[in-house]
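To start, the structure itself, in structure tokens.
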Amino acid sequence: MSIADCDFIQLPRFADVRGDLVVAEGNIHVPFDIKRVYYLCGVPQGAARGGHGHKELRQLLIAVSGSFDAVLDDGFERKRVTLSDPGRGLLICPMIWRELENFSSGAVCLVLASMAYDERDYYRDYDSFLTAAKENIP
Ligand code: TYD
């Protein structure tokens with residue numbers, strides 16, 4: 001897995017005079033079974049979230065309100081993307097170190113996740129992540 005495998009997914013959006021409705025169905029619009037949903041909200045200006053990698057977890061991040069940046073790192077390359085469109089989700093595959101920053105005031109980051117919460121799936125230490133990512137060289 002590399003950051004090239006992490007990309008935006010356009011979600012179906014039904015817009016009319018009453019506003020917009022965006023749909024995200026597991027295995028249809030989102031390329032995994034959705035086992036868990038959580039969201040980040042009330043992030044103070046200047047605060048960063050994330051700062052970890054996952055061994056197997058797949059996630060779709062959606063800026064349902066406001067905007068924030070995701071910095072993705074696969075151990076070889078880094079890229080920064082801005083999430084600001086509630087109709088587009090950012091797919092993050094396993095073995096990607098991610099940092100979320102530059103949250104706008106009132107931003108909400110919705111996360112759809114492929115697995116239940118399991119601390120054993122985390123790399124919380126960047127050097128351990130880097131060693132594991134480099135060992136996966138084919
Ligand atoms: P943390 O991993 O620090 O958040 P971030 O994604 O910004 O790195 O999680 C904060 C707390 O929430 C931590 O005590 C673990 C807990 N948590 C759960 O209990 N369930 C979950 O699904 C998640 C994502 C976190």
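These values consider heavy atoms only, across backbone and side chains, with no hydrogens, waters or symmetry-generated copies. Ligands are counted one by one from 1 in listed order, and the atoms in each one are counted from 1 as well. If you read the sequence from its start, that first residue is 1, and numbering goes on from there.
- Put simply, atom 21 (C) of ligand 1 has protein non-hydrogen atoms near it, under 4.0 Å away.
- Of all the atoms in ligand 1, the ones that sit under 4.0 Å from a non-hydrogen atom of Arg36 are 21 (C), 22 (O), 23 (C), 24 (C).
- For atom 14 (O) of ligand 1, the nearest protein heavy atom is 4.0 Å or more away.
- Taking the six-membered ring where tryptophan is involved, the planes of Trp97 and Phe129 are tilted, since the angle between them lies from 30° to 60°.
- Residue Gln10 qualifies as enclosed at atom CD: its count of foreign heavy atoms under 6.0 Å is above 12.
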Go through the steps to decide whether Leu130 and Ser128 satisfy the test side-chain contact (heavy atoms from CB on, under 4.5 Å), and finish with yes or no. CA-CA 5 Å; Leu130 210 50; Ser128 312; over 6 Å; no
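- A chain of hydrophobic side-chain contacts below 4.5 Å, direct or via other Ile, Leu, Val, Met, Phe, Trp or Tyr residues, connects Val22 to Val37.
- Atom 4 (O) of ligand 1 has its closest protein heavy atom at Arg49 NH2, 3.1 Å.
- Residue pairs meeting the side-chain hydrogen bond (donor to acceptor under 3.5 Å, both in side chains) criterion with at least one member in residues 34-44, sequence neighbours excluded: Tyr38-Gln59.
- Under the 4.0 Å distance rule, the nearest protein heavy atom to atom 11 (C) of ligand 1 falls outside the cut-off.
- Near His52, the atoms of ligand 1 lying under 4.0 angstrom from a non-hydrogen atom of the residue are 5 (P), 6 (O), 8 (O).
- Using a non-hydrogen distance threshold of 4.0 Å, Gly51 does not register as a contact of ligand 1.
- Of the possible donor and acceptor atoms, one in the side chain of Arg58 sits under 3.5 Å from a partner among the backbone N and O of Pro31.
- Arg124 NH1, 2.9 Å is the protein heavy atom nearest to atom 2 (O) of ligand 1.
- Annotation: atom 17 (N) of ligand 1 to nearest protein heavy atom, Tyr117 CE1, 3.8 Å.
- Annotation: cation-pi geometry satisfied between Lys55 and Tyr123 (NZ/CZ under 6.0 angstrom from ring centroid, within 45° of ring axis).
- Contact atoms of ligand 1 toward Tyr38: 24 (C) (distance under 4.0 Å to a heavy atom of the residue).
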